[in-house]
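Structure first, then comments.
Only a predicted model underlies this, so the values are computations on that prediction, with no experimental measurement involved. Residues take their numbers from the sequence shown, with the count starting at 1.
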Amino acid sequence: KVGFAGGSWTLRYVPEESKDKVISDEDVLGTLLKVFQALFLNDFDKQSEILTMLPEPVKSKYQDLLALEHQRVTLLENRHQQQNILKPEEILYKTLGFSVARATSSLISAGKGVFVTKGLVPKGAVVSMYPGTVYQKYEPIFFQSIGNPFIFRCLDGVLIDGNDKGISKVVYRSCNGRDQLGPLKMSDSTWLTSEINNPLAVGQYVNNCSNDRAANVCYQEFDVPAVFPIELKQYLPNIAYSYDKQSPLRCVVLVALRDINQGEEFFSNYYTIVS
């Protein structure tokens, strides 16, 4: 199986699909829903158009959650401060206990990397997502791939183009506009900018481990289930190149292989195993 991340092509061998899962899909889904819901509530005042399109039970759920949050803030006697809109990375820290961000890599000539900027990442935590346009193995990607160091190949041949520049950026924005249903966005395009709404959408900048840098995170593929809340899809940093309602949307997350401390850089575990 061939994969790419952060600057060099390498191979990985996975004898059974089940062994490629560090944590369960249910755990991945639970984390994404937890973070996305927190982002949604943090930006609740701007969600009015979306709320009008949701069933009454769903609207009531968010209103109840918001009321509980206000009660908690009041108990902390910090209401004024907490009512301010938090930055996405602050929401990530508040929700999962850590925040991450891009910065200059500690590897020479590696460009950008991804670091823990605050808190402690526990083993098994989802630390980031690999954003980009998702291509089935039979779909054309020749022009997008020219000089592109951000093509990720999944185990089944599905490709994710995580480049935030050039033709890759144009293609993603086009697909993002194509799939939008009124105020309902089916994906997040802010990872193409410097102001990202989903603080996890930085996985394309995680570098491969090297001879002197052991891997502390690994990639894990995840198909978005049909039951994924439509109001939270605005935070998914992936979109399918072809409009196909039959195939689930492929996402790739990075999962911590050990506890990772504040200030540490993530290094992925794409490596070669000779079977």
Side-chain angles (χ1 to χ4, degrees), residues 3-8 10 12 21-24 27-39 42 82 85-132 149-150 152 160 162 164 188 190-222 235-238 251-271:
F4 182 90
S8 60
T10 52
R12 68 171 176 173
K21 302 282 187 181
V22 178
I23 60 176
S24 68
D27 287 340
V28 174
L29 177 61
T31 297
L32 297 186
L33 291 177
K34 186 176 181 181
V35 174
F36 292 1
Q37 183 174 280
L39 291 169
N42 184 60
Q82 290 292 327
I85 300 299
L86 300 178
K87 295 180 179 179
E89 59 269 24
E90 294 172 328
I91 291 296
L92 183 62
Y93 176 74
K94 181 180 176 183
T95 305
L96 298 185
F98 62 87
S99 58
V100 301
R102 294 172 292 184
T104 302
S105 176
S106 59
L107 295 178
I108 298 175
S109 303
K112 295 287 186 181
V114 180
F115 293 79
V116 182
T117 54
K118 188 177 180 180
L120 171 70
V121 176
K123 179 180 179 180
V126 174
V127 299
S128 62
M129 304 180 71
Y130 199 101
F150 295 106
F152 183 100
I160 301 179
D164 56 12
D188 172 34
T190 63
W191 66 272
L192 298 168
T193 72
S194 59
E195 301 292 331
I196 59 176
N197 287 341
N198 176 359
L200 292 172
V202 293
Q204 78 275 39
Y205 286 101
V206 173
N207 287 297
N208 291 338
C209 58
S210 60
N211 292 333
D212 60 339
R213 304 294 177 95
N216 53 17
V217 299
C218 67
Y219 295 95
Q220 181 167 317
E221 297 167 20
F222 170 75
Y235 302 110
L236 288 171
N238 297 97
C251 289
V252 170
V253 300
L254 287 97
V255 179
L257 294 172
R258 60 169 175 81
D259 291 350
I260 306 173
N261 296 310
Q262 181 174 322
E264 284 194 72
E265 182 176 358
F266 294 140
F267 293 103
S268 65
N269 76 333
Y270 264 97
Y271 50 83

Who pairs with [X] by side chain to side chain donor-acceptor pair (under 3.5 Å), at least two apart in sequence or on another chain?
X	answer
Thr31	none
Asn216	none
Ser99	Thr117

Tell me, with the steps shown, if Phe266 and Leu254 meet side chain to side chain contact (heavy atoms under 4.5 Å, CB included).
CA-CA 9 Å; Phe266 294 140; Leu254 287 97; 5.9 Å; no

Grab the two heavy atoms, one from [X] and one from [Y], that are nearest each other, plus how far apart they are.
X	Y	result
Ser105	Asn207	OG-ND2, 3.3 Å
Cys209	Ala214	CB-C, 4.0 Å
Val217	Ala256	CG1-CA, 4.1 Å
Leu257	Ala215	CD1-O, 4.1 Å
Ala38	Ile91	CB-CG2, 3.7 Å
Ser268	Asn208	OG-OD1, 3.1 Å

Could you walk me through whether Ile23 and Val28 pass the side chain to side chain contact (heavy atoms under 4.5 Å, CB included) check?
CA-CA 7 Å; Ile23 60 176; Val28 174; 3.7 Å; yes

Pairwise distance [atom1]([X]) to [atom2]([Y]) - rounded to 0.5 angstrom:
X	Y	atom1	atom2	answer
Phe115	Glu264	CZ	CD	10.5 Å
Lys123	Ile260	NZ	CD1	11.5 Å
Phe222	Leu32	CZ	CG	5.5 Å
Lys34	Leu96	NZ	CG	6.0 Å
Asn42	Leu86	CG	CG	5.0 Å
Gln204	Lys112	CD	NZ	12.0 Å

Is a side-chain N or O of [X] found less than 3.5 angstrom from the main chain of [Y], in a donor-acceptor match?
X	Y	result
Gln220	Val22	yes
Lys21	Glu221	yes
Asp164	Gly132	no
Glu265	Ser106	yes

Show me, pair by pair, the donor-acceptor contacts under 3.5 angstrom made by side chains of residues 195-203, not counting sequence neighbours?
residue : atom : partner : partner atom : Å
Asn198  : OD1  : Leu200  : N            : 2.9
Asn198  : ND2  : Tyr235  : O            : 2.9

Go through the structure and list residues passing salt bridge (Lys or Arg N to Asp or Glu O under 4.0 Å) with Glu90, not counting sequence neighbours.
none

Is there a side chain to side chain contact (heavy atoms under 4.5 Å, CB included) between Tyr130 and Phe150? Walk through the geometry before answering.
CA-CA 10 Å; Tyr130 199 101; Phe150 295 106; 3.9 Å; yes

How about Asp259 and Val121: do any of their side-chain heavy atoms sit closer than 4.5 Å?
no

Could you check if a side-chain atom of Leu92 sits within less than 4.5 angstrom of a side-chain atom of Val35, using non-hydrogen atoms only?
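Heavy-atom side-chain distance check passes, below 4.5 Å.
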
According to side-chain contact (heavy atoms from CB on, under 4.5 Å), who are the partners of Leu33, at least two apart in sequence or on a separate chain?
Leu29, Phe228, Pro229, Leu232

